[in-house]
Amino acid sequence: MPELPEVETVRRMLEAHVVGRTVRAVRLSGLALREPVSRGLARGIRGRSIRGMSRLGKFLIFELDEGLTLLSHLGMSGRWLFSDGERVEPLPHVHARIGFADGSTLRFQDPRRFGLLRLVRAERLARDRAIASLGPDPIASPPTGESLRARARGLTASVKSFLLDQKKIAGIGNIYASEILFRAHVDPRRRAGALKGAEWDAIAAEISAVLNEAIARSGTTFSMYRTLWNEPGEYGDQLRVYDRAREPCRTCGTPIRRIVQGQRSTYFCPRCQSRKAAPTG
DNA sequence: ATCCTATCCTGTAGGC
DNA sequence: TGCCTACAGGATAGGA
């Protein structure tokens, strides 16, 4: 569900509201997420204070004292929700409830349980199996056309699946992959290894533009995603193609097409994203 | 190595 | 109203 802009929105809010707080109590649901949540996790973070919040691709990293980090992934339906007051309204599907010493509460809610909570020693984080395989983060290191072209050399899979591959570049998901390719005027069905330098240049520029614009609007709420305050993101009305099958292209009026690639929906304009179209930039 | 499929899980929307 | 199917922002294991 949440892609880089949504995760970055949550990171910024956590940085503003939970950094500096000390964990007093932890309650776990006991249900497995993507992997079982270790019993040692509750013990490990109790008494720790949160020193910082970082992000790599779609992973959130709570930097704790004592050389510990809490690695978190929202999967398809995960949310971190913060409550400042005394009263915390009951919610279903809460898998971790962190009570702070000052009485505030942070909860991890995840109905589909594809998320991840893992306690990792800070010095081992870069070698953690979830983190070690990630490609570069496009906010920390903005991609260049040449860097993308080098990573795609020889690949026969589609450019859409290339953008979704977290080993190639970390943080892009199904919504922004379609949006980026539309704005770069590239057909999502093209083989990644066959794109020209100018096409990679356009894709690199649109990766940065789309992600930064979405961050500025607190991300996209398609259905489940919410910010730390349970508010929706505001990028939804900026979407050019995602979830717009049969609706007119905002540029040329041609009906937007939906196709399936790797069991995921892809949306594109068959006219603006064809090689015959004259890109207008 | 790369590519593709199936799988994990719950909620929701739409057709009948 | 209920029942059914399809689909949903993700990652990964396993086989070709």
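A note on names: the letters A, B, ... follow the listed sequences, proteins ahead of strands, and every chain is numbered from 1.
- The shortest side-chain heavy-atom distance between A/W80 and A/L74 falls under the 4.5 Å cut-off.
- At whole-Å resolution of the value, CZ in A/R118 and C1' in C/dG10 are 14 Å apart.
- B/dT5 and C/dC7 have their P atoms separated by 15 Å, with the value rounded to a whole Å.
- Within a 6.0 Å sphere centred on CZ of A/R271, heavy atoms belonging to other residues, nucleotides or ligands number 12 at most.
- Ion pair A/R12/A/E15 not flagged as a salt bridge, since none of the NZ, NE, NH1 or NH2 atoms sits closer than 4.0 Å to an Asp/Glu carboxylate oxygen.
- The heavy-atom pair separating A/S208 from A/P142 by the smallest distance is OG-CB, 3.9 Å.
- Among the heavy atoms of the strands lying under 4.0 Å from A/S265 are primed sugar atoms or P, OP1, OP2 only; no base atom is included.
- For A/G154 and A/Q263, each mapped to the nucleotide of DNA chain B holding its nearest heavy atom, the one lying further toward the 5' end belongs to A/G154.
- Chain A approaches DNA chain B within less than 4.0 angstrom (heavy atoms of the protein), and the contacting nucleotides run 5' to 3' from B/dT2 to B/dG11.
- In this structure, A/E213 does not pair ionically with A/R240, as no charged nitrogen and carboxylate oxygen lie closer than 4.0 Å.
- For DNA chain B, each stem of at least three Watson-Crick or G-U pairs (distances under 3.5 Å) is given as range with range: B:2-8 with C:10-16, B:10-16 with C:2-8.
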Polar atom pairs (N or O), protein with nucleotides 11-15 of chain C, under 3.5 Å:
residue, atom, partner, partner atom, Å
C/dA11, OP1, A/H73, NE2, 3.0
C/dA11, OP2, A/K58, NZ, 2.9

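- Residues A/R112 and A/D165 both approach DNA chain B. Their nearest nucleotides, taken by heavy-atom distance, put A/D165 toward the 5′ side.
- Across all strands shown, A/Y176 has no heavy atoms under 4.0 Å from either base or sugar-phosphate atoms.
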List the steps and the verdict of side-chain contact (heavy atoms from CB on, under 4.5 Å) for A/L64 and A/E66. CA-CA 7 Å; A/L64 310 174; A/E66 308 269 330; over 6 Å; no
Show the numbers, then the answer: is there a salt bridge (Lys or Arg N to Asp or Glu O under 4.0 Å) between A/R55 and A/D137? CA-CA 9 Å; A/R55 181 193 55 73; A/D137 181 278; 2.6 Å; yes
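- A/S104 and A/D84 are not linked by any side-chain donor-acceptor pair at a separation below 3.5 angstrom, with hydrogens and angles left out of the test.
- A/E6 and A/Y235 share no donor-acceptor pair across their side chains, judged by distance under 3.5 Å alone.
- Atom CZ of A/R46 has more than 12 neighbouring heavy atoms from other residues, nucleotides or ligands inside a 6.0 Å radius.
- Side-chain contact between A/E63 and A/S54 is present, with at least one heavy-atom pair separated by less than 4.5 Å.
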